[in-house]
Amino acid sequence: MHKIIFVLSFLLIFACTESGKQKENSGDTGKSETADSFNPPDAKLEFLEKLYDIQMDIIQNPSSRAHKEKYIYNAYFDENNTLISFGNARLTNPQSGEKIATPLLKRAAIVDAKRWATYGLLWLNNDFEPDFGKISEVHQGLTKELGSFNKGDSLVVALATKVR
C-alpha cells in the first residue's frame, strides 16, 4: 500500500514538474507557437478506440516492425504534424480495491501517453527503432488532450503531440 501511494505521489510531483517544463520548452525554440495555435485533427471516439487497440498490439509484439508501422500509419497525421498516442491508468488500487482520485489517474495516463509519443516520434525518425520497452523518457513537447474513455479497469487518455 505504501509503495503504491509513493508511486502515485511521485507521478503527481513528476507531472507537476513536467507541466512547468513543457511551458518552458514551448518558448525555448524562439517560435511563438503555443497550445492555442496547435490544431490536431478532430478524432471521433470510435477512431480513438480502434487506434488505441492498434497501439496496445505493440505491447504483445514489442519488436514487430509491422505492428509499429501500422500504429504510425494510423496515428501520424502529416497535414497537422501530429502524432496521437494513448496512456493508461488503473481506476482502482490493485491491492486494496480503492478508487484512485481522478486527477491522479489523469496525470498518470498523460505521462504514459507522453512516453508512447516518445516511441512514436523515434519510430518516425529512426526506421522504427527502438523496440517497445527499451526507453523510459517522456516527451516534453507541445501536446493537447483529445479525450478520454474507460477501457476495462483503466482510464485511457488520448493525446495529440506536435511533431515539428
Legend entry - D131 bridged to K134 by N-O distance under 4.0 Å: no
Restricting to non-hydrogen atoms, name the atom on [X] and the atom on [Y] that form the minimum distance, rounded to 0.1 Å.
X: R90; Y: D153; answer: NE-OD2, 2.8 Å
X: M56; Y: N88; answer: SD-ND2, 3.7 Å
X: K144; Y: N39; answer: NZ-OD1, 4.4 Å
X: P40; Y: L146; answer: CG-CD2, 3.9 Å
X: A43; Y: L48; answer: CB-CD2, 3.7 Å
X: N61; Y: D57; answer: ND2-O, 3.1 Å

[Y] side chain reached by [X] side chain, heavy atoms, under 4.5 Å:
X: Q55; Y: L51; answer: no
X: N93; Y: K99; answer: no
X: V163; Y: L121; answer: yes
X: S85; Y: K114; answer: no
X: S148; Y: L155; answer: yes
X: T143; Y: K162; answer: no

Please check: side-chain N/O of [X] versus main-chain N/O of [Y], any donor-acceptor pairing under 3.5 Å?
X: W123; Y: P130; result: yes
X: T92; Y: P94; result: no
X: Y119; Y: E129; result: no
X: T82; Y: N80; result: yes
X: N126; Y: F128; result: no

Inset, instruction - Apply side chain to side chain contact (heavy atoms under 4.5 Å, CB included) to L122 and I135, showing your working. - result: CA-CA 10 Å; L122 285 170; I135 65 168; 3.8 Å; yes
Treating Ile, Leu, Val, Met, Phe, Trp and Tyr as nodes and any side-chain heavy-atom pair under 4.5 angstrom as an edge, say whether [X] and [Y] lie in one connected cluster.
X: V138; Y: L124; result: no
X: W116; Y: V156; result: yes
X: L105; Y: F149; result: no
X: V157; Y: L91; result: yes

Legend entry - Trace of the side chain to side chain contact (heavy atoms under 4.5 Å, CB included) decision for K151 with D53: CA-CA 10 Å; K151 183 89 170 188; D53 290 339; 3.3 Å; yes
Legend entry - Distance in Å, L159 CG paired with D112 CG, rounded so as to fall on 0.5 Å steps: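 If I round to the nearest 0.5 Å, the distance is 10.5 Å.
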Inset, instruction - Starting at CD of E69, measure out to CG of D127 and round the result to the nearest 0.5 Å. - result: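 That separation rounds to 8.0 Å.
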Inset, instruction - For N150, look at atom CG and say whether over 12 heavy atoms of other residues, nucleotides or ligands are found less than 6.0 Å away. - result: yes
Legend entry - Partner set under salt bridge (charged side-chain N to carboxylate O under 4.0 Å, His left out) for E145, not counting sequence neighbours: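 Once residues adjacent in sequence are excluded, the partners of E145 under the salt bridge (charged side-chain N to carboxylate O under 4.0 Å, His left out) criterion are K106.
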Legend entry - side chain to side chain contact (heavy atoms under 4.5 Å, CB included) between L142 and T161, worked out: CA-CA 6 Å; L142 191 58; T161 299; over 6 Å; no
Legend entry - Selection residues 64-108 - residue pairs positive for ring pair (Phe, Tyr, Trp, His ring centres under 6.0 Å), sequence neighbours left out: Y52-F86
